[in-house]
Amino acid sequence: MPKLQNCPVCGKLFAADSSQRMCRECFIKEQEKELEVTNYVRDHPKSKIPEIVENTGASEKMIKRMIAEGRFQQVGVNLSYPCEKCGKPIMSGKFCRECMAEMQKDIQDTQSKLAAKKEAQDAANRGHGMYSREHPKVKK
C-alpha cells in the first residue's frame, strides 16, 4: 500500500510505493536528465565525471549511480569514478576490491583483539569468586 511522503527533490507530497524515490514529475525530469547524460557520454566516451556534470547539469551523485548501475556499459562506454579511500578507478560501490579487503581484514583483526581481551577479562573475573575475598579478622 502506498504511503504519503515528501519528494526529496521538490518537497511535494506524493503517494510512494517501494519502487518510487520521488514524485512523478521529478521522476520524469530525472529520466530526461539521465537520457541527456547517456547521449552525452555516448558522444563523448572519454569524458570524466566533472566534464559530464559541467556539460549536462546532472549531479555527480546521479552520474555515479548510473555508472554503478552499468548504464553506460549498455551504450558501449566504460566509465569509472575514484575509490573513496585510495582513488583507484572503480565502477561500483564506494571502495575498490583491495581497499575493501584491507578494511575487512582490519575489522576481523579488531574483532579478534576484542574477543581475546574479553576472554582475558572473563578469566581474571573468574578468579575473584567467593574464595578470593578477604575475611574479616576474628577478634581474640
Side-chain angles (χ1 to χ4, degrees):
M1 182 171 158
K3 63 179 183 176
L4 291 178
Q5 69 181 54
N6 290 85
C7 175
V9 178
C10 70
K12 188 167 72 174
L13 197 63
F14 74 105
D17 61 27
S18 61
S19 66
Q20 289 178 296
R21 298 185 312 243
M22 60 192 72
C23 72
R24 180 135 179 85
E25 290 81 13
C26 289
F27 178 74
I28 290 169
K29 287 177 186 175
E30 184 175 83
Q31 283 184 317
E32 290 169 352
K33 184 58 71 177
E34 287 178 357
L35 182 61
E36 180 183 348
V37 168
T38 302
N39 289 335
Y40 180 84
V41 169
R42 183 183 308 128
D43 295 341
H44 305 90
K46 302 270 188 219
S47 55
K48 304 287 183 213
I49 293 174
E51 179 186 338
I52 299 167
V53 168
E54 183 179 325
N55 288 297
T56 65
S59 70
E60 184 173 325
K61 182 179 178 181
M62 173 192 283
I63 295 166
K64 285 182 176 180
R65 180 178 46 77
M66 291 175 72
I67 293 169
E69 291 172 356
R71 303 277 290 281
F72 301 118
Q73 290 175 332
Q74 296 170 359
V75 294
V77 177
N78 289 323
L79 272 179
S80 63
Y81 52 92
C83 167
E84 289 187 11
K85 188 169 184 210
C86 71
K88 178 181 173 181
I90 57 174
M91 295 176 70
S92 65
K94 292 185 176 192
F95 306 102
C96 67
R97 288 183 185 181
E98 291 81 8
C99 288
M100 282 293 292
E102 182 182 323
M103 288 185 288
Q104 287 172 337
K105 184 182 180 313
D106 290 346
I107 289 169
Q108 289 171 344
D109 290 349
T110 301
Q111 287 175 334
S112 295
K113 287 177 187 175
L114 289 172
K117 186 176 180 178
K118 182 178 180 347
E119 195 174 300
Q121 286 175 336
D122 289 348
N125 289 339
R126 282 192 293 264
H128 291 111
M130 61 187 235
Y131 298 109
S132 65
R133 294 185 189 178
E134 288 186 32
H135 295 287
K137 293 186 182 181
V138 179
K139 292 184 182 179
K140 294 185 183 180

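Note that the structure is predicted; figures quoted are calculated from it, not measured.
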List the steps and the verdict of side chain to side chain contact (heavy atoms under 4.5 Å, CB included) for Thr38 and Phe72. CA-CA 7 Å; Thr38 302; Phe72 301 118; 4.3 Å; yes

Ignoring hydrogens, what is the shortest heavy-atom contact between [X] and [Y]? Give both atom names and the distance.
| X | Y | value |
| --- | --- | --- |
| Ala58 | Val37 | CB-CG2, 3.4 Å |
| Pro82 | Gly87 | CB-O, 3.6 Å |
| Cys83 | Cys96 | SG-N, 3.3 Å |
| Ile52 | Ser47 | CG1-OG, 3.6 Å |

If I take atom [atom1] from residue [X] and atom [atom2] from residue [Y], how far apart are they, to the nearest 0.5 angstrom?
| X | Y | atom1 | atom2 | result |
| --- | --- | --- | --- | --- |
| Asn6 | Lys12 | CG | NZ | 11.5 Å |
| Lys94 | Lys64 | NZ | NZ | 9.0 Å |
| Met103 | Lys85 | CE | NZ | 5.5 Å |
| Leu79 | Lys48 | CG | NZ | 8.0 Å |
| Tyr40 | Glu54 | OH | CD | 8.0 Å |
| Glu34 | Arg71 | CD | CZ | 4.0 Å |

Are [X] and [Y] joined in one hydrophobic group, where the rule is that I, L, V, M, F, W and Y side chains link up if heavy atoms are under 4.5 Å apart?
| X | Y | result |
| --- | --- | --- |
| Met22 | Met66 | no |
| Met100 | Ile67 | no |
| Val41 | Tyr81 | yes |

Can you tell whether the side chains of Lys105 and Asp109 come within less than 4.0 Å, N to carboxylate O?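 Salt bridge flag = yes for Asp109 with Lys105.
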
Can Lys33 and Glu36 be counted as an ion pair, charged N to O under 4.0 angstrom? yes

For atom [atom1] of [X], is the number of surrounding heavy atoms from other residues, nucleotides or ligands below 6.0 Å larger than 12?
| X | atom1 | result |
| --- | --- | --- |
| Arg42 | CZ | yes |
| Met62 | CE | yes |
| Glu119 | CD | no |
| Arg65 | CZ | yes |
| Phe27 | CZ | no |

Could you walk me through whether Gln5 and Gln20 pass side chain to side chain contact (heavy atoms under 4.5 Å, CB included), step by step? CA-CA 11 Å; Gln5 69 181 54; Gln20 289 178 296; over 6 Å; no

Between Glu30 and Arg21, is a side chain to side chain contact (heavy atoms under 4.5 Å, CB included) present by the stated rule, with each step listed? CA-CA 11 Å; Glu30 184 175 83; Arg21 298 185 312 243; 2.3 Å; yes

If you apply the rule side chain to side chain contact (heavy atoms under 4.5 Å, CB included), what do you find for Glu25 with Phe14, and how did you get there? CA-CA 10 Å; Glu25 290 81 13; Phe14 74 105; over 6 Å; no

